[in-house]
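Reckoned from all heavy atoms, side chains included, excluding hydrogens, waters and symmetry mates. Note that the structure is a prediction, hence the values are computed from the model and not measured.
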Amino acid sequence: MASIKDVAAEAGVSVATVSRVLNDHPSVSAEARTRVLAAVQSLGYRPNAVARSLRTDQTHTLGLVISDVMNPYFTELARSVEEEARALGYSVIIGNADERPDLQDHHVRNLLDRRIDGLLVSPTDGGSPLMLDAVRAGTPMVFVDRWIPGLDVPVVRADGRTAVQDLVAHLHGLGHRRLAIIAGPAATTTGRERVEAFREALAAYGLELPDVYIGQGDFQAESGRRVTEGFLDLPEPPEAVFAADNLMALGALDAVRARGLRIPDDIALAAFDDIRWFVHTDPPITAVAQPTGELGRAAVRALVDRIEGRPGESVTLPARLVVRRSCGANPTSVQRSTS
């Protein structure tokens, strides 16, 4: 099998120049870059294999880019990532994308410049050229919670479909038939997946999800408030609202209270992503709970596997429904949680 010296000899450059080309260093001339890439192709190198072979030292530092540090779900995720990384001998640098693709790429670029050993990302959308370039360059990477379809990157996530089915069964059993959803961004896998799961669960009961009962949110509280106000203004408002994340649920709660309405007497409310605050609201909010701590720890282990040359497998864990009083049920008499 050809060595890095063979690539350098084929291209007529130094080994250091090959390293800089494969790590996309800006100091390399266009001519040298072209020769190196041609040599890599002719020798049958895969870029990620080359990049790993050029790694001569480790910083024992991981990068974590999360979608929104103000979201309690991601705060808990970051904490579990840091704890697991520390236990395995790594430190973590965190970047907050604030649900902005441009800010996400800013953090990814800075982390790569810091020579991190690997990168954990919860993508804000599915179209980042920088992320694609990083994968092609062989950067050890793992997606957590969200992912970019088509990239050969392990994904650590929760499967909420069964829990959403349990939620719809719970709502249907309480007599609710007009069910609406505050959706997350369609550019995210979780935004699309949760709407699809909700629609499928409704169909099992012969219920439709009209367009007027799908409100486009952005995983932040203000959008939950805005969408819920729109639902309440409809000639036939929904009987229950499912917010596709916790912050949008809190925004929905604010909108309902601002109208002088009561939950669950006037409208039922449920959320995806359980948070500790939900037990302290009045009434406590029914929610789909993800195993957030387990997801963070599994993501770190998968990334360290990649860094150390092992495959690094995708992991899918089940979410579960936690029934409280926000949909009209007495939780002591309802068993809808799944393990």
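From T316, atom OG1 reaches atom CZ of R157 across 5.0 Å, with rounding to the nearest 0.5 Å. To the nearest 0.5 Å, the span separating NE2 on H107 from CZ on R100 amounts to 8.5 Å. Here CZ of R115 is found 8.5 Å from OG1 of T59. Values are rounded to the nearest 0.5 Å. T190 OG1 to D145 CG: the interatomic distance, rounded to the nearest 0.5 Å, is 5.5 Å. Distance check, rounded to the nearest 0.5 Å: CD1 of I182 to CZ of F272 gives 14.5 Å. Atoms CG and OG1, from L253 and T228 in turn, are 9.5 Å apart once rounded to the nearest 0.5 Å.
Between R177 and E239 no salt bridge is recorded (no basic side-chain N to carboxylate O distance below 4.0 Å). By the 4.0 Å N-to-carboxylate-O rule, E193 lies too far from R146 to be salt-bridged with it. A salt bridge is defined here as a Lys NZ or Arg NE, NH1 or NH2 lying under 4.0 Å from an Asp or Glu carboxylate O, and E196 with R192 fails to meet this definition. The residues R259 and D233 are annotated as salt-bridged, a charged nitrogen and a carboxylate oxygen being separated by less than 4.0 angstrom. Between R161 and E200 there is a salt bridge, with a side-chain nitrogen of the basic residue lying less than 4.0 Å from a carboxylate oxygen of the acidic one. In summary, R86 and E82 engage in a salt bridge, as defined by a charged side-chain N under 4.0 Å from a carboxylate O.
Between E236 and R178 the shortest side-chain heavy-atom distance falls below 4.5 Å. The closest side-chain heavy-atom distance from P264 to S326 is not below 4.5 Å. Considering only heavy atoms from C-beta on, F74 stays 4.5 Å or farther from V69 through its side chain. Using a 4.5 Å cut-off on side-chain heavy atoms (C-beta onward), L202 and E208 make no contact. Taking 4.5 Å as the limit, every side-chain heavy atom of I181 sits out of range of all side-chain heavy atoms of Y213. Side-chain atoms of L295 and S80, non-hydrogen and from C-beta on, never get closer than 4.5 Å to each other. For the pair P101 and D125, the minimum side-chain heavy-atom distance is below 4.5 Å. Within the 4.5 Å cutoff, side-chain heavy atoms of P123 are placed close to those of F143.
With sequence neighbours excluded, no residue forms a salt bridge (charged side-chain N to carboxylate O under 4.0 Å, His left out) with D98. For E83, the salt bridge (charged side-chain N to carboxylate O under 4.0 Å, His left out) test picks out R79, with sequence neighbours left out. For H176, there are no ring-ring contact (aromatic ring centres under 6.0 Å, His included) partners two or more places apart in sequence or in a different chain. For R297, there are no side chain to side chain donor-acceptor pair (under 3.5 Å) partners, not counting sequence neighbours. Residues that satisfy the salt bridge (charged side-chain N to carboxylate O under 4.0 Å, His left out) test with R310, not counting sequence neighbours, are D305, E308. Residues meeting the side chain to side chain donor-acceptor pair (under 3.5 Å) test with E76, sequence neighbours left out: none. With sequence neighbours excluded, the residues forming a ring-ring contact (aromatic ring centres under 6.0 Å, His included) with F198 are F242, listed by chain and number. For R114, there are no side chain to side chain donor-acceptor pair (under 3.5 Å) partners two or more places apart in sequence or in a different chain. Residues passing the side chain to side chain donor-acceptor pair (under 3.5 Å) test with D266, sequence neighbours excluded: none. Applying the salt bridge (charged side-chain N to carboxylate O under 4.0 Å, His left out) criterion to D211, with sequence neighbours excluded, gives no partner residue. Partners of H60 according to the ring-ring contact (aromatic ring centres under 6.0 Å, His included) rule, which considers only residues two or more places apart in sequence or in another chain, are Y90.
Hydrophobic clustering (side-chain heavy atoms under 4.5 Å, transitive across Ile, Leu, Val, Met, Phe, Trp, Tyr) groups V304 together with I94. L247 and L103 fall into different hydrophobic clusters, where Ile, Leu, Val, Met, Phe, Trp and Tyr residues are linked whenever their side-chain heavy atoms come under 4.5 Å apart, directly or through other members. In the hydrophobic clustering of ILVMFWY residues, with side-chain heavy atoms under 4.5 Å counting as a link, V108 and L151 come out together.
With hydrogens and angles disregarded, no donor-acceptor distance shorter than 3.5 Å links the side chain of T17 to the backbone of V13. A distance-only check finds no donor-acceptor pair linking the side chain of R225 to the backbone of A252 [under 3.5 Å]. No donor-acceptor distance shorter than 3.5 angstrom exists from the side chain of T61 to the backbone of S91, with no hydrogens or angles considered. When atom types are taken as modelled, the side chain of T139 and the backbone of V135 share no donor-acceptor pair closer than 3.5 angstrom. In this structure a side-chain-to-backbone donor-acceptor pair under 3.5 Å is missing from R306 to V142. Remark: the backbone N or O of E10 is not paired with any side-chain donor or acceptor of R35 at under 3.5 angstrom. Side chain of S314 to backbone of V155: a donor-acceptor contact under 3.5 angstrom is found.
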Walk me through whether H106 and N110 qualify under side-chain hydrogen bond (donor to acceptor under 3.5 Å, both in side chains).
CA-CA 6 Å; H106 166 79; N110 283 346; 3.1 Å; yes
Side chain to side chain contact (heavy atoms under 4.5 Å, CB included) between L250 and D254, worked out
CA-CA 6 Å; L250 293 176; D254 286 344; 5.6 Å; no
Does the pair T124 and S67 meet the rule for a side-chain hydrogen bond (donor to acceptor under 3.5 Å, both in side chains), with working shown?
CA-CA 6 Å; T124 58; S67 304; over 6 Å; no
Run the numbers on L120 and V300 for side chain to side chain contact (heavy atoms under 4.5 Å, CB included), then give the verdict.
CA-CA 8 Å; L120 291 167; V300 172; 4.0 Å; yes
Check against side-chain hydrogen bond (donor to acceptor under 3.5 Å, both in side chains), D218 and S223
CA-CA 6 Å; D218 60 7; S223 69; 2.8 Å; yes
For residues 279-287, run the donor-acceptor check on the side chains, cut-off 3.5 Å, and write out each pair with its distance to 0.1 Å, sequence neighbours left out.
residue: T281; atom: OG1; partner: F278; partner atom: O; Å: 3.1
residue: T281; atom: OG1; partner: P283; partner atom: O; Å: 2.8
residue: T286; atom: OG1; partner: R324; partner atom: N; Å: 2.8
residue: T286; atom: OG1; partner: R324; partner atom: O; Å: 3.3

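Of all the heavy atoms in Q104 and V121, the pair that sits closest is OE1-CG1, 4.4 Å. Contact record, D245 with A271: O-CB, 4.3 Å, taken as the closest heavy-atom pair. Minimum interatomic distance between A244 and F219 (heavy atoms only, all atoms of both residues): O-CE2, 3.7 Å. Across A255 and L232, no two heavy atoms sit closer than the pair O-CD1, 4.2 Å.
The side chain to side chain contact (heavy atoms under 4.5 Å, CB included) test with Q290 singles out one residue from L77, D273, D274, and that residue is D273.
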